[in-house]
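To keep things clear, I will list the structure first and then write my remarks on it.
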Amino acid sequence: MKGIDLAVTSHELNVDPTYKPIRQKRRKLGPERSKAVNEEVDRLLNAGFSTEVRYPECLANPVMVKKKNGKWHICVDFTDLNKACPKDSYPLPHIDRFVESTVGNKLLTFMDSFSGYNKILMHPDDREKTAFITDRGTYCYKVMPFGLKNAGATYQRLVNRMFTDKLSDTMEVYIDDMLVKSLHA
């Protein structure tokens, strides 16, 4: 699936108009981390999730986190940008309700959306605000990246809309975790 059409939804930042864009200075990365960032940028470019950007007003740094399997997970430090965005008060489900809804059902299927965030496009006006710097250049996201404020609310709003006639009846959704349930085996 290439992505959700902009006519259905997109992630908008709703940046405070008084916000002065911040360009973070490039942080030094060691050779191992730099290689991991470059590999991730190649993956993002090949998937069509990112694009090169010139003269961005906002600029953030990649942050490296070592996963349990020893590989690097790359996030972008959107701290400054997130401060300029108001909280989206769209309600997320209570996880205890998600669990309680399983009682009495004979069949349960749990699903986790694979790269679900990457199916939601960034609003074209906000793409360049997600710019990040690497050793090879500056790039921005064309899709909603992990780490942006309100990304969970945007995703929940979409899945609630997609599954509105199934929710609470045969399905529960908590952001990208889905449960399909049946009283009959």
Side-chain angles (χ1 to χ4, degrees), residues 1-15 36 39-51 62-79 81-82 85-127 129-130 140-185:
M1 184 167 143
K2 295 230 181 230
I4 306 298
D5 190 286
L6 282 171
V8 175
T9 195
S10 66
H11 187 66
E12 296 181 51
L13 296 175
N14 196 22
V15 174
E39 288 171 355
E40 178 67 3
V41 168
D42 288 341
R43 187 189 71 76
L44 292 169
L45 291 169
N46 290 335
F49 293 170
S50 287
T51 189
V63 177
M64 311 295 294
V65 179
K66 195 88 154 196
K67 295 195 285 188
K68 288 180 184 178
N69 64 8
K71 294 185 178 182
W72 290 104
H73 178 69
I74 292 94
C75 300
V76 175
D77 180 6
F78 289 124
T79 305
L81 179 60
N82 285 341
C85 299
K87 180 174 176 9
D88 182 345
S89 296
Y90 191 84
L92 298 180
H94 291 285
I95 196 68
D96 54 336
R97 182 173 172 341
F98 191 89
V99 173
E100 289 169 1
S101 74
T102 64
V103 175
N105 287 283
K106 302 236 188 249
L107 218 70
L108 300 171
T109 303
F110 294 92
M111 297 175 281
D112 189 347
S113 175
F114 178 74
S115 294
Y117 275 39
N118 299 141
K119 305 300 185 253
I120 298 176
L121 298 174
M122 283 299 300
H123 191 279
D125 294 341
D126 290 329
R127 287 180 182 167
K129 293 176 183 126
T130 67
C140 69
Y141 283 93
K142 293 163 57 176
V143 298
M144 182 174 69
F146 183 77
L148 279 181
K149 189 172 191 175
N150 302 319
T154 296
Y155 196 88
Q156 187 70 46
R157 184 179 284 114
L158 172 66
V159 293
N160 283 359
R161 185 174 170 193
M162 288 171 53
F163 301 114
T164 191
D165 59 335
K166 307 276 186 254
L167 292 177
S168 297
D169 183 29
T170 59
M171 187 172 193
E172 301 292 337
V173 178
Y174 182 82
I175 307 178
D176 65 345
D177 294 312
M178 300 175 201
L179 165 67
V180 177
K181 55 191 180 175
S182 174
L183 294 171
H184 312 288

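For clarity, every value in this text was computed on a predicted model and none was experimentally measured.
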Worked check of side chain to side chain contact (heavy atoms under 4.5 Å, CB included) between Asp176 and Asp112
CA-CA 6 Å; Asp176 65 345; Asp112 189 347; 3.3 Å; yes
I would like to know whether Glu100 and Arg97 meet salt bridge (Lys or Arg N to Asp or Glu O under 4.0 Å); could you show each step before the answer?
CA-CA 5 Å; Glu100 289 169 1; Arg97 182 173 172 341; over 6 Å; no
Report the C-alpha distance between Thr102 and Lys181 in whole Å, list the side-chain angles of each, state the deciding distance to 0.1 Å, and finish with yes or no for side chain to side chain contact (heavy atoms under 4.5 Å, CB included).
CA-CA 7 Å; Thr102 64; Lys181 55 191 180 175; over 6 Å; no
Run Asn160 and Tyr90 through side chain to side chain contact (heavy atoms under 4.5 Å, CB included) and show every step you take.
CA-CA 11 Å; Asn160 283 359; Tyr90 191 84; 3.0 Å; yes
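Side chain of Thr154 to main chain of His11: no donor-acceptor pair is present (N/O by atom type, distance under 3.5 Å, no hydrogens or angles). No donor-acceptor pair closer than 3.5 Å links the side chain of Glu40 to the backbone N or O of Cys75. The backbone N or O of Arg127 sits less than 3.5 Å from a side-chain atom of Thr130, completing a donor-acceptor pair. Side-chain atoms of Asp169 do not come within 3.5 Å of backbone N or O of Asp165 as any donor-acceptor pair. At least one donor-acceptor pair closer than 3.5 Å links the side chain of Asn46 to the backbone N or O of Asp42.
Heavy atoms only, all atoms of each residue included: Pro145 and Phe78 are closest at CG-CE1, 3.9 Å. Shortest non-hydrogen contact noted between Leu6 and Met122 is CD2-O, 4.2 Å. Residue Ser101 comes nearest to Asn105 through the heavy atom pair O-ND2, 2.9 Å, listed as atom of the first residue, atom of the second, then distance.
Contact annotation: the side chain of Tyr141 never approaches that of Leu148 to less than 4.5 Å [non-hydrogen atoms, C-beta and beyond]. Residues Phe110 and Met178 form no side-chain contact, since every pair of their non-hydrogen atoms from C-beta on lies 4.5 Å or further apart. A heavy-atom distance below 4.5 Å is found between the side chains of Asn14 and Pro86. Within the 4.5 Å cutoff, side-chain heavy atoms of Arg161 are placed close to those of Val8.
Other residues, nucleotides and ligands contribute over 12 non-hydrogen atoms within 6.0 Å of the NZ atom of Lys66. In the displayed structure, Lys71 atom NZ is contacted under 6.0 Å by at most 12 heavy atoms of other residues, nucleotides or ligands.
The line from CG of Leu179 to CG of Leu167 is 11.0 Å long, rounded to the nearest 0.5 Å. Atom CG of Asn118 is separated from atom CG of Leu44 by 7.5 Å, given to the nearest 0.5 angstrom. Between Asn82 atom CG and Lys149 atom NZ the span is 6.5 Å, to the nearest 0.5 Å. Rounding to the nearest 0.5 Å places NZ of Lys142 at 9.0 Å from CG of Leu45. In this structure, OG1 on Thr170 lies 10.0 Å from CZ on Phe163, to the nearest 0.5 angstrom. Atom NE2 of His94 sits about 9.5 Å away from atom CG of Leu92, to the nearest 0.5 Å.
Residue Arg157 is tested with Asn150, Asp88, Thr9 for a side chain to side chain donor-acceptor pair (under 3.5 Å); the sole match is Asp88.
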